Number of protein chains: 2
Amino acid sequence: MAKFKLDDTDHSILDMLIDNTRTPFTDIAKKLDISAGTVHVRVKKMEEAGIITGSSLKLDYKKLGYSFIAYVGIFLNKTSQTQFVLERINEIPSVTVAHVTTGKFNIFCKIRAKNTSHAKDIIYKIDDIDGVTRTETMISLEESINDKKRLMHSIFNALD
Amino acid sequence: MAKFKLDDTDHSILDMLIDNTRTPFTDIAKKLDISAGTVHVRVKKMEEAGIITGSSLKLDYKKLGYSFIAYVGIFLNKTSQTQFVLERINEIPSVTVAHVTTGKFNIFCKIRAKNTSHAKDIIYKIDDIDGVTRTETMISLEESINDKKRLMHSIFNALD
DNA sequence: TAAATATGTATAATGAAATTAGGCGGCTTT
DNA sequence: AAAGCCGCCTAATTTCATTATACATATTTA
């Protein structure tokens, strides 16, 4: 994987697009004082290099009736069951994120649910998977931070 | 907050845009056999209703030199310090997500770092915040699932 | 029941933006 | 210094978003 070198122009482009993927290239061009063609070429290069892997909408899940977020830590009998359990978890759509982890838990995941009752169903489903010893749930009372933007600045300016 | 009712057309539009926010409205229109004008109107309505709150890029952070992900649980002296600690945490760009939680921890957050050494610096910073008793770290060995798409299907088809 | 109104869609016209080709200038390599 | 390369700009072309208008269907009101 040849290390792809990004310059300030690339950074600025990413910075704007990470906030709004539909920012017109012409706007970006104007702000950076370059041509729209250049913006286009840069973005295409970053896509080809695999730096930009896609784009997605930010949705208000509360308004969609999914106001419940929890993190669930999973304990396994044996770590060799990890792959099997992940496959079962992958069949539960409400699990939006899952990581294999070191530390307390073997697997760690995030779930989104309609309400506590719905969350309970989901957690029971996880508990019921073969190989899962027990789970530990942390319910989110408030999502206080969720921000890719600051990280970008950190990456590009070597802050932190 | 008047409950906004989404129909199948809206669902399908969200479905396509959540995968790629730059999918041309003309393409969506073709696939759904409606006019591009209608797609436009629907999207605008969902934006106005606050269902679509924005868009963002998916980036390969590994290629940007940030290959380290960890979750950090934070214990506080008193829950009344929550807000203060959150503000301090908010000053650390590598913390990309933070939740106030019930359960083991008072605050729960996700960090992205270059490597273990960098992660250590970040965790020490968190530990040093006034009011933080101690922290517990779970290092991600592998991000196995990260998918909004399945959740959408669950939401719209009442699966799960 | 009929008239009036609202809702939502399609059509089509307009303007904006993405995309591409060609050429120019600076930099590197030989 | 010449040749080749790289990246950018300009400008042309094509595609797309956006808006106005008109029509049809459903809903409300008289």
Side-chain angles (χ1 to χ4, degrees), chain A residues 1-60 63-65 148-149 152 155-158, chain B residues 1-60 63-65 148-149 152 155-158:
Chain A
M1 189 193 310
K3 203 74 180 179
F4 192 87
K5 192 61 193 159
L6 299 178
D7 65 11
D8 286 345
T9 302
D10 297 317
H11 297 167
S12 302
I13 292 171
L14 286 181
D15 230 33
M16 292 189 199
L17 288 179
I18 212 166
D19 248 5
N20 175 11
T21 58
R22 285 194 179 259
T23 310
F25 290 3
T26 48
D27 285 10
I28 296 175
K30 240 172 284 173
K31 205 158 296 180
L32 301 184
D33 211 35
I34 56 180
S35 80
T38 298
V39 176
H40 185 255
V41 169
R42 297 297 190 108
V43 170
K44 206 165 66 179
K45 270 194 188 172
M46 290 191 279
E47 284 171 349
E48 280 162 3
I51 296 200
I52 297 176
T53 59
S55 58
S56 193
L57 292 180
K58 289 186 229 170
L59 299 178
D60 185 333
K63 291 199 174 150
L64 292 172
K148 294 183 189 176
K149 187 83 183 272
M152 293 291 289
I155 291 177
F156 296 145
N157 303 312
Chain B
M1 189 194 308
K3 201 74 179 179
F4 191 86
K5 191 61 192 158
L6 299 178
D7 66 10
D8 286 345
T9 302
D10 297 318
H11 298 167
S12 302
I13 292 172
L14 285 181
D15 232 33
M16 299 179 89
L17 288 179
I18 212 167
D19 248 6
N20 175 11
T21 59
R22 284 194 179 258
T23 310
F25 289 3
T26 47
D27 284 8
I28 296 175
K30 242 173 283 174
K31 205 158 296 183
L32 301 184
D33 209 36
I34 56 179
S35 78
T38 298
V39 176
H40 185 256
V41 169
R42 297 298 191 106
V43 170
K44 205 166 65 180
K45 270 192 188 173
M46 290 190 280
E47 285 171 349
E48 280 163 3
I51 296 200
I52 298 175
T53 59
S55 60
S56 194
L57 292 181
K58 290 186 231 171
L59 299 178
D60 185 332
K63 290 198 175 152
L64 292 171
K148 294 183 189 177
K149 187 84 182 272
M152 294 291 288
I155 292 176
F156 296 145
N157 303 314

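In this text the structure is predicted, and so the values were computed from the model without any measurement. Each chain gets a letter, A, B and so on, in the order its sequence line appears, and its residues count up from 1.
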Worksheet item: Any chance CG of Asp33(A) has more than 12 other-residue heavy atoms, nucleotides or ligands included, within less than 6.0 Å?
Response: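 Incorrect, the count does not exceed 12.
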Worksheet item: Counting only heavy atoms not in Lys149(A), do more than 12 fall under 6.0 Å of its NZ?
Response: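 Yes, enclosed.
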Between [N] ([atom2]) and [X] ([atom1]): distance, integer Å:
X: Asp27(B); N: dC16(D); atom1: CG; atom2: C1'; result: 10 Å
X: Met46(B); N: dG8(C); atom1: CE; atom2: P; result: 13 Å
X: Asn20(A); N: dA17(D); atom1: CG; atom2: P; result: 14 Å
X: Lys30(B); N: dT9(C); atom1: NZ; atom2: C1'; result: 19 Å
X: Leu32(A); N: dC9(D); atom1: CG; atom2: P; result: 10 Å
X: Arg22(A); N: dA17(D); atom1: CZ; atom2: P; result: 6 Å
X: Asp33(A); N: dC8(D); atom1: CG; atom2: P; result: 13 Å
X: Phe25(B); N: dA17(D); atom1: CZ; atom2: P; result: 6 Å

Worksheet item: Does a nitrogen or oxygen in the side chain of Lys44(A) sit under 4.0 Å from OP1 or OP2 of dA18(C)?
Response: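 Checking Lys44(A) against dA18(C): no side-chain N or O falls below 4.0 Å of OP1 or OP2.
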Worksheet item: Can you tell me if the side-chain N/O atoms of His40(A) get under 4.0 Å from OP1 or OP2 in dT19(C)?
Response: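 Indeed, a polar side-chain atom of His40(A) lies that close.
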[X] side-chain proximity, nearest of [options]:
X: Thr38(B); options: dA17(D), dT9(C), dA18(C); result: dT9(C)
X: Ser35(A); options: dT9(C), dC16(D), dC9(D); result: dC9(D)
X: Lys45(B); options: dG8(C), dA18(C), dA17(D); result: dG8(C)
X: Ile34(B); options: dC16(D), dA10(C), dC9(D); result: dA10(C)
X: Arg42(B); options: dA18(C), dC16(D), dT9(C); result: dT9(C)

Worksheet item: Can you tell me how far the CG atom of Leu59(A) sits from the NZ atom of Lys148(B), to the nearest 0.5 Å?
Response: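 It is 6.5 Å, given to the nearest 0.5 Å.
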Worksheet item: Is the closest side-chain heavy-atom distance between Asp10(A) and Leu14(A) below 4.5 Å?
Response: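 Asp10(A) does not reach Leu14(A) side chain to side chain.
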Worksheet item: Tell me, do Thr21(B) and Leu57(B) make a side-chain contact under 4.5 Å, heavy atoms counted?
Response: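 Result no, sub-4.5 Å side-chain heavy-atom pair not found.
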